[in-house]
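Every heavy atom of this structure was used, including side-chain atoms; hydrogens, water molecules and symmetry mates were not.
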Amino acid sequence: QVQLVESGGGLVQAGGSLRLSCAASGRTFSSCARGWFRQAPGKEREFVATISCNGGNTYYADSVKGRFTISRDNAKNTVYLRMNSLKPEDTAVYYCAAGFKPVVASIAYDYWGQGTQVTVSS
């Protein structure tokens, strides 16, 4: 079992920045890849970014490429999502997920956090 706890969400104006954190505990070695997903009201959950176990590989959705950066500190069992140049369309609940491989498909992730709300005002 892996437990994930997200934090760092909040209300920010368009053009602003936020950094989300995802702290993991439990048997993290078997599900060490991490992904960030988001879900806006009335929309399906969508992929945002993913990072491999050693941090050497990352992949981003086109909608956030160049604005968001995923990183990790394995000593702290924590993954981060730095979000710059935020837009109102980035408003969503952001979820952290743990899986075996850093992939886009949400079905590949075994564990999920409870989510943190990000609201970007125009």
Side-chain angles (χ1 to χ4, degrees):
Q1 289 284 355
V2 176
Q3 293 78 43
L4 302 171
V5 179
E6 302 99 333
S7 60
L11 174 64
V12 64
Q13 289 188 332
S17 298
L18 282 175
R19 189 181 77 160
L20 306 183
S21 299
C22 173
S25 60
R27 299 172 66 87
T28 58
F29 62 90
S30 60
S31 297
C32 53
R34 296 286 182 271
W36 283 99
F37 293 78
R38 67 187 182 186
Q39 188 167 18
K43 295 187 177 181
E44 293 187 352
R45 187 172 298 186
E46 65 174 358
F47 167 77
V48 175
T50 187
I51 189 167
S52 59
C53 297
N54 64 4
N57 291 301
T58 59
Y59 186 73
Y60 299 90
D62 287 343
S63 59
V64 307
K65 200 173 295 182
R67 299 188 298 122
F68 291 11
T69 302
I70 189 170
S71 62
R72 65 188 301 158
D73 184 340
N74 284 344
K76 296 182 179 179
N77 279 332
T78 300
V79 172
Y80 305 97
L81 186 68
R82 177 68 180 182
M83 306 185 294
N84 295 329
S85 303
L86 282 161
K87 305 174 181 180
E89 51 263 43
D90 294 318
T91 295
V93 177
Y94 283 70
Y95 297 91
C96 176
F100 182 65
K101 290 185 177 181
V103 296
V104 172
S106 60
I107 195 172
Y109 292 86
D110 303 308
Y111 304 98
W112 293 81
Q114 82 289 348
T116 185
Q117 176 71 46
V118 171
T119 303
V120 184
S121 63
S122 57

Minimum-distance pair of heavy atoms, taken over all atoms of S122 and A14: CA-CB, 4.3 Å
Donor on one side chain, acceptor on other, T78 and D73, under 3.5 Å: no
Candidate pair N84 and F68, rule side-chain contact (heavy atoms from CB on, under 4.5 Å), full reasoning: CA-CA 6 Å; N84 295 329; F68 291 11; over 6 Å; no
Rounded distance (nearest 0.5 Å) linking atom NZ of K101 with atom SG of C53: 11.0 Å
Polar side-chain atom of T50 near backbone of Y59 as donor-acceptor pair, under 3.5 Å: no
Value rounded to 0.5 Å, distance of CD1 in I70 from OG in S52: 9.5 Å
Exam field: side chain E6 to backbone Q114, donor-acceptor pair closer than 3.5 Å: yes
Considering all heavy atoms, the nearest S17-S85 contact: OG-N, 4.3 Å
Verify same cluster id: V48, Y80 (apolar side-chain graph, 4.5 Å): no
Over-ring placement of R45 relative to Y95, 6.0 Å and 45° cut-offs: yes
Heavy-atom closest pair, residues G99 and Y109: N-CD2, 3.6 Å
Spacing of D110 atom CG and S30 atom OG [to the nearest 0.5 Å]: 8.0 Å
Heavy-atom pair with the smallest gap, counting every atom of S31 and A98: O-CB, 3.5 Å
CA sep, side-chain torsions, deciding dist, call: M83, Y94, side-chain contact (heavy atoms from CB on, under 4.5 Å): CA-CA 11 Å; M83 306 185 294; Y94 283 70; 3.9 Å; yes
Working for side-chain contact (heavy atoms from CB on, under 4.5 Å), residues I51 and W36: CA-CA 9 Å; I51 189 167; W36 283 99; over 6 Å; no
P102 to A33 - nearest heavy-atom pair and separation: N-CB, 3.5 Å
Any R72 side-chain heavy atom under 4.5 Å of R34 side chain: yes
Polar side-chain atom of T119 near backbone of L11 as donor-acceptor pair, under 3.5 Å: no
Validation row, ring centre W112 to ring centre F37 under 6.0 Å: yes
For the student: nearest non-hydrogen atoms of Y60 and T69, plus distance: OH-CA, 3.4 Å
Matching residue for R38 among T116, V64, L81 - test: side chain to side chain contact (heavy atoms under 4.5 Å, CB included): V64
Apart from V2 itself, residues in the same hydrophobic cluster as defined by side-chain heavy atoms under 4.5 Å: L4, Y111
Min side-chain heavy-atom separation R82-L20 under 4.5 Å: no
Atom pair CG/CG of L86 and L18 - distance to nearest 0.5 Å: 5.5 Å
Other residues, nucleotides, ligands: >12 heavy atoms within 6.0 Å of K65 NZ: yes
Separation of F47 CZ from S106 OG (nearest 0.5 Å): 10.5 Å
Between CG on residue N54 and SG on residue C32, distance to nearest 0.5 Å: 8.5 Å
N/O donor-acceptor pair under 3.5 Å between N77 side chain and C22 backbone: no
